[in-house]
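Heads up: the structure comes next, in structure tokens.
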Amino acid sequence: RLAFYIAGQEVEPMKQTILITGASSGIGKATALRFQAAGWNVIATMRTPTQAPDLAALDNVLVTRLDVQDTASIASAVDAGLARFGRIDALLNNAGYGAYGPLEATPLDKVRRQFDVNVIGLLATTQAVLPHMRQQKSGVILNVSSVGGRMTFPLGTLYHGTKFAVEGLSESLHFELLPLGVCVKLIEPGMVRTDFAGRSFDFSNDPALTEYQPTVQALLGAMGPMAENASSAESVADVIYQAATDGADQLRYEVGEDAHQLLAARRSTDDAGFLGHMRAQFGISGG
Ligand code: NAP
């Protein structure tokens, strides 16, 4: 056992600290539990802190309010985390949801909200943590993207738009932060068994727009079978833990057999080949 001494007194080695957004459920909550079990301090942030009394009861976990659409709440959560634990070594930008459906059937406020939560919220939280990581000369920023950040399904114009944005911004940011000692990593899960397909699935449709309904039916019909191969939130948390601690110079971490298969297929062919395969799968052809 390594022992640490200050002025001749043995002290606990400095624990590492992670701040997680969207820690109330799913991947965020599983990751909070994973890091706490590994001996980290956890700043488990969520819109409604009363949702997680079980997390709040654990040692070295601070549950505090953070709504990624509310900049003041981001600043308060970062301040509260630093006041309690003194440092932030890792940030998991996990908060997000899926806006799907025909673009024509989706009100503009839903369009804005999807990008505000999944993209602007992630950037705002990153901005709030960066001054600290820059002064500390170290840190890991883990952005939860998706297999849907590298390939698309029909009617996911908005969700895929946000996850492709997360991919591009993370790749560019990694150049910017590398000289500062701060790493950026992307987590790319396939389907995961969480509330994502339930309360986090914001589907807009208008049955009067009949032209879109065959595609709507094809997508909704495909979701059940796709969910059969879903990974657990715990397996995503394991990969997030690995990404935060492996010290590897690796930007992207795929999670799940479905993600590996889909992304291998995407890489193995050109646009015409891959998009043709997806069109056939969803019964989509020219009008
Ligand atoms: P989930 O259990 O529904 O969790 C979504 C989380 O995001 C909830 O904690 C929710 O908090 C939070 N959230 C939503 N809007 C927020 C806001 N404005 N501010 C702060 N938090 C907000 O679903 P999940 O699957 O774990 O999703 C987590 C991430 O994984 C998302 O980025 C999603 O895109 C990504 N992902 C999921 C899958 C999948 O199949 N499940 C696949 C690939 C990627 P509240 O409790 O306050 O609503």
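Atoms within each ligand, like the ligands themselves, are counted from 1 in listed order. For reference, positions follow the sequence shown, starting with 1.
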Atom indices of ligand 1 within 4.0 angstrom of [X] heavy atoms, with elements:
{"X": "G26", "value": "2 (O), 26 (O)"}
{"X": "S25", "value": "1 (P), 2 (O), 4 (O), 8 (C), 9 (O)"}
{"X": "D67", "value": "17 (C), 18 (N), 19 (N)"}
{"X": "S146", "value": "43 (C), 44 (C)"}
{"X": "G22", "value": "9 (O), 12 (C)"}
{"X": "M191", "value": "40 (O)"}
{"X": "G190", "value": "40 (O), 42 (C), 43 (C)"}
{"X": "V144", "value": "29 (C), 30 (O), 35 (C)"}

At the 4.0 Å heavy-atom cut-off, does [X] count as touching ligand 1?
{"X": "S145", "value": "yes"}
{"X": "P189", "value": "yes"}
{"X": "Q51", "value": "yes"}
{"X": "A30", "value": "no"}
{"X": "K29", "value": "no"}
{"X": "N94", "value": "yes"}

Using a 4.0 Å heavy-atom threshold (strictly under), name the region of [X] that reaches ligand 1: side chain, backbone, both or neither.
{"X": "V117", "value": "side chain"}
{"X": "Y159", "value": "side chain"}
{"X": "E188", "value": "neither"}
{"X": "M46", "value": "neither"}

Under a 4.0 Å threshold between the charged nitrogen and the carboxylate oxygen, would [Y] count as salt-bridged to [X]?
{"X": "D54", "Y": "K29", "answer": "yes"}
{"X": "D271", "Y": "R266", "answer": "yes"}
{"X": "R252", "Y": "E188", "answer": "yes"}

Where do L251 and E171 come nearest, in terms of heavy atoms and distance? CD2-CG, 3.8 Å
For E254 and R267, the nearest pair of non-hydrogen atoms, with its separation, is OE2-NH2, 3.1 Å
Angle class for the H160/F164 ring planes (parallel below 30°, perpendicular above 60°, tilted otherwise)? perpendicular
Mutual orientation of the aromatic rings belonging to F35 and W40 [parallel < 30°, tilted 30-60°, perpendicular > 60°]: perpendicular
Atom OH of Y97 and atom CZ of R199: how far apart are they, to the nearest 0.5 Å? 13.0 Å
Below 3.5 Å, N or O to N or O, backbone or side chain included: is there any such pair between [X] and ligand 1?
{"X": "G28", "answer": "no"}
{"X": "R113", "answer": "no"}
{"X": "S200", "answer": "yes"}

So, do K110 and D202 sit near enough that their side-chain heavy atoms are less than 4.5 Å apart? yes
Side chains of Y253 and D246: do they bring a donor and an acceptor to under 3.5 Å? yes
closest protein heavy atom to atom 19 (N) of ligand 1 is V68 N, 3.0 Å
Okay, side chain of T21, backbone of A95: is any donor-acceptor separation there less than 3.5 Å? yes
Does F85 offer a backbone N or O that forms a donor-acceptor pair with the side chain of N41 under 3.5 Å? no
Nearest heavy atom to atom 24 (P) of ligand 1, choosing from L66, I74, T194, belongs to T194
V147-V255 co-clustered via ILVMFWY side chain contacts under 4.5 Å: no
